[in-house]
4 protein chains.
Amino acid sequence: MPSLAGTPAEAAPVPPKRERRKEARPGELLAAALELFVEKGFAATRSEEVAARAGVSKGTLFLYFPTKDELFKAVVRENVSGRFRELNQEFRQFEGSSADMLRTGLRLWWERVGATQASGISKLIMSEARNFPELADFCQHEVIQPCQELICWILQRGIDRGEFRPVDLRYAAANTIGAMVFLMMMKHSLAPCLPHDQRLDPQRFIAAHVDTLLQGLCVRPHGVNDAPAS
Amino acid sequence: MPSLAGTPAEAAPVPPKRERRKEARPGELLAAALELFVEKGFAATRSEEVAARAGVSKGTLFLYFPTKDELFKAVVRENVSGRFRELNQEFRQFEGSSADMLRTGLRLWWERVGATQASGISKLIMSEARNFPELADFCQHEVIQPCQELICWILQRGIDRGEFRPVDLRYAAANTIGAMVFLMMMKHSLAPCLPHDQRLDPQRFIAAHVDTLLQGLCVRPHGVNDAPAS
Amino acid sequence: MPSLAGTPAEAAPVPPKRERRKEARPGELLAAALELFVEKGFAATRSEEVAARAGVSKGTLFLYFPTKDELFKAVVRENVSGRFRELNQEFRQFEGSSADMLRTGLRLWWERVGATQASGISKLIMSEARNFPELADFCQHEVIQPCQELICWILQRGIDRGEFRPVDLRYAAANTIGAMVFLMMMKHSLAPCLPHDQRLDPQRFIAAHVDTLLQGLCVRPHGVNDAPAS
Amino acid sequence: MPSLAGTPAEAAPVPPKRERRKEARPGELLAAALELFVEKGFAATRSEEVAARAGVSKGTLFLYFPTKDELFKAVVRENVSGRFRELNQEFRQFEGSSADMLRTGLRLWWERVGATQASGISKLIMSEARNFPELADFCQHEVIQPCQELICWILQRGIDRGEFRPVDLRYAAANTIGAMVFLMMMKHSLAPCLPHDQRLDPQRFIAAHVDTLLQGLCVRPHGVNDAPAS
DNA sequence: AATGAATGAGGATTCATTCAT
DNA sequence: CATGAATGAATCCTCATTCAT
């Protein structure tokens, strides 16, 4: 069956069936945008890519977010707000040693935030804060401060209960927050470019961080040895 | 000694003319580019802005760097290479307790790197690594590893001399590196957007970090108290 | 009887249902379109706006008019066709002096056309004729010529009856048509942008025009004084 | 000389030699824009077309005018401002009968404005005034009012010298302005779409207008007969 | 070497039109 | 019939890069 046509593969350019999913779209677009913004940066991501990754066309994106800037802000808002308030609640109810609290807290936090896509938000904020000043403020109030307060609260609890020796709360908290932020940023920056054996293992990094921390913090240093080997 | 791919560094340019400007141009452009890339990100910085900040015209920029990408790579190379090798050398000659070594090292490092514009490079790398994969590799070899090795060397020295208790060297080093990276990133990201009283003070942050670290590390915990008050 | 090219007017649609709305739709859409096209121009008006002003959804508009272009042509057709043939009839039956005929005619015309929304059509035609060449032809036959003929007929009548002195009929008519067109355009262009006291009063403008005209036209110049004060 | 290549016409895509003509560009762009805006309307004209007609590339247009809107405003400003002040001066110095003044004035005006591309500006203003409200104001002050004043001044002069009978100055002036505006609009709207024999001849139109006007205006009606037969 | 006018590919956004509901 | 979510061609505008001066 000879044919003069070129590549016969071109059967029929399937029109990629339109789906009407008004409810689901914003979430899908935000997820796609988060991924891409984290991966390539805000400016280097094309609107069309976001749409494509969300499985819709260029035009649809602008149906839900009036501008790329607004999309960006929505991405940050979506992935930041609230997320920490619940963790906060949970912790205030925790019963047990403050050392366990710290250990469990960080482990939990990694599972719920660090290990998810949402962790990319920290890279995003660090990269874009100066281009979106309102964001810096928003994040300071919605993320940094709640976290800071939670950690300070735990440390204070430990001190009050005689478990921890007194320290400069703010900077002790900053130390831990810094470690977590670093971890998240690595995950979305250098790590994907490095061979597996050169990457940090988050769990071990956190464990090491907490161990060092508690070693220096705890009044009864042997308490550290109770820690479940990670 | 790995090098960022692209145009290989030309042989040392002959310096025939007296005109200072001509010699200084590349450096001025690199400095301007560093500032702007750190401030606004690579993609969001216009080539013309870089030229303007360096006090030359658009065309001149492209006389020295064939493309914006090459300019970027040059910025990274310029601010990264070598800078750590010398610190390394200095340290190997240090005499005194390993605790002092750590403390002094970080202080020195902050003065020589963290407090300078060059610290912005960390924000740049974190933000752009995935867009310039060769970069990640370059930095891993030129920065991360030397730092890692240096810190590991110090820790090992402490352990060998019975000053520190044995720890997982790699993750202990990562913890400190993470703290420093976090500090640099904050300086160029959130800090400029926050009121002064909400910013972290680098010196105190470093001091707190080292204190906590040494508290947990030192065999003779009271050794910490020998630390010169920051 | 020329007709604007495009979809030929369908045979009268069967009116089976009682639902007023369905029957009225096209008219409402045409009215909305006329308003908006006149206000903002054809290209600057969005289809959705037209639909919205007619109180229906975007999709419905395209149920009645296959394209924006067709909508435009329909708007012109609707507001132009016929409208002048009846005026014409009426006038041929007029009895009285030709001066009165002219005066009354222009007054009537203003009431029936100039003062209504339909007057906007002249702005539309002037603005869009070159983008819709078929339109110019249509209007030439449906509007300009009938008007021209009517005025010429009146003038000729006056001349024949010895009331008017002989003049170049075509250009005399054009003068009056021009005045009316100018009036309509002002109403829809500059007037809405000017404070009320700087706008022309249509009645006075027409009166002044007719007065000047008749003053120069009438054989018995005092005849002008018979004119009913407007 | 057989060849497997396709159409041999494709010799070398001549790179359309870049010319550096900073001084001339704005004027050329404004001229091109005027033509196109008049021809197709503001919204229906693509920026790129303007650039092409001016013989430059898309980008160059935006080198001289930051946005399409600004280009539009510049076109109006360029073609409106000043143009009437000089005519005004000339006229105040005129010596002779007021009837001649009117006749000569309109003839001159047609030569200097009506017959040039600038006449298109009236179509533009009429079409776009409501989209650019500031323009309406600008034109009212820069064009309408000066013209109105000039004509009023001439009429008043005629009345003062006993040549004209007293009339409502404002509306008499408006009548003449209207006629000229109509003429300009026709030239750029319907006329280009009509066969030559159906178009109005500007000179005759003006002559007819002035004749009718003066016939009604002049105290000595035979004065009209002095008018050179057009 | 330096300049900055000119270019045009690329990206954000709009909007006429389609079509699933 | 009516709706409005979805589409993508079309358009405005930007900016890295080129090149005449």
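It should be emphasised that the depicted structure is a prediction, and the values quoted were computed from it without experimental measurement. Within every chain, numbering begins at 1; the chains are lettered A, B, ... in the order of the sequence lines, protein sequences first and strands thereafter. Values below: all heavy atoms of this structure, side chains included; hydrogens, waters and symmetry mates excluded.
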J.: Grab the CG-P distance between Leu61(D) and dT11(F) for me, whole Å please.
T.: 15 Å
J.: Nearest 0.5 angstrom please: Lys40(A) NZ to Glu35(A) CD, how far?
T.: 12.5 Å
J.: Check step by step if side-chain contact (heavy atoms from CB on, under 4.5 Å) holds for Phe37(B) and Ser127(B).
T.: CA-CA 10 Å; Phe37(B) 289 164; Ser127(B) 303; over 6 Å; no
J.: Set out, line by line, the N/O atom pairs under 3.5 Å between protein and nucleotides 11-15 of chain E.
T.:
residue : atom : partner  : partner atom : Å
dG11(E) : OP2  : Arg46(A) : NH1          : 3.1
dA12(E) : OP1  : Thr45(A) : O            : 3.4
dA12(E) : OP1  : Lys68(A) : NZ           : 3.1
dA12(E) : OP2  : Ser47(A) : N            : 3.0
dT13(E) : OP2  : Lys68(A) : N            : 3.0

J.: Whole-Å distance between dT21(E) P and Arg18(A) CZ?
T.: 11 Å
J.: Heavy atoms under 4.0 Å, any strand shown: does Phe65(C) hit a base, just sugar-phosphate, or nothing?
T.: nothing
J.: To the nearest angstrom, how far is Lys40(A) atom NZ from dG10(E) atom C1'?
T.: 13 Å
J.: Would you give the length of the straight line joining atom CD of Glu39(A) to atom CG of Leu34(A), rounded to the nearest 0.5 angstrom?
T.: 10.5 Å
J.: Atom CD of Glu49(D) to atom C1' of dC12(F): distance rounded to whole Å?
T.: 13 Å
J.: Measuring to OP1 and OP2 of dT7(E), would you say a side-chain N or O of Thr60(D) lies under 4.0 angstrom away?
T.: yes
J.: Round to the nearest Å and state the distance from Arg20(D) atom CZ to dG4(E) atom P.
T.: 9 Å
J.: Check whether any side-chain N or O of Glu49(A) sits under 3.5 Å from a backbone N or O of Arg46(A) as a donor-acceptor pair, and report yes or no.
T.: yes
J.: So, OP1 or OP2 of dA5(F): does either fall under 4.0 Å of a side-chain N or O from Tyr64(A)?
T.: no
J.: Which nucleotide, in any strand shown, forms a Watson-Crick or G-U wobble pair with dG8(F), with both distances under 3.5 Å?
T.: dC15(E)
J.: Rounded to whole angstroms, how far apart are CZ on Arg25(B) and C1' on dA2(E)?
T.: 8 Å
J.: List the steps, then state whether side-chain contact (heavy atoms from CB on, under 4.5 Å) holds for Phe132(D) with Asp69(D).
T.: CA-CA 9 Å; Phe132(D) 294 84; Asp69(D) 273 34; 3.5 Å; yes
J.: Would you indicate which nucleotide in dC19(F), dG4(E), dG8(E) comes nearest to any side-chain atom of Ser57(D)?
T.: dG8(E)
J.: What is the distance, rounded to the nearest whole Å, between atom CD of Glu28(A) and atom C1' of dA5(F)?
T.: 13 Å
J.: SG of Cys193(B) to CG of Leu135(A): how many Å apart, nearest 0.5 Å?
T.: 9.0 Å
J.: With a 3.5 Å distance limit and no angle check, can you tell me whether Lys68(A) reaches the backbone of Phe42(A) through a side-chain donor-acceptor pair?
T.: yes
J.: Taking a pair as Watson-Crick or G-U wobble with both distances under 3.5 Å, which nucleotide is matched to dT21(E)?
T.: dA2(F)
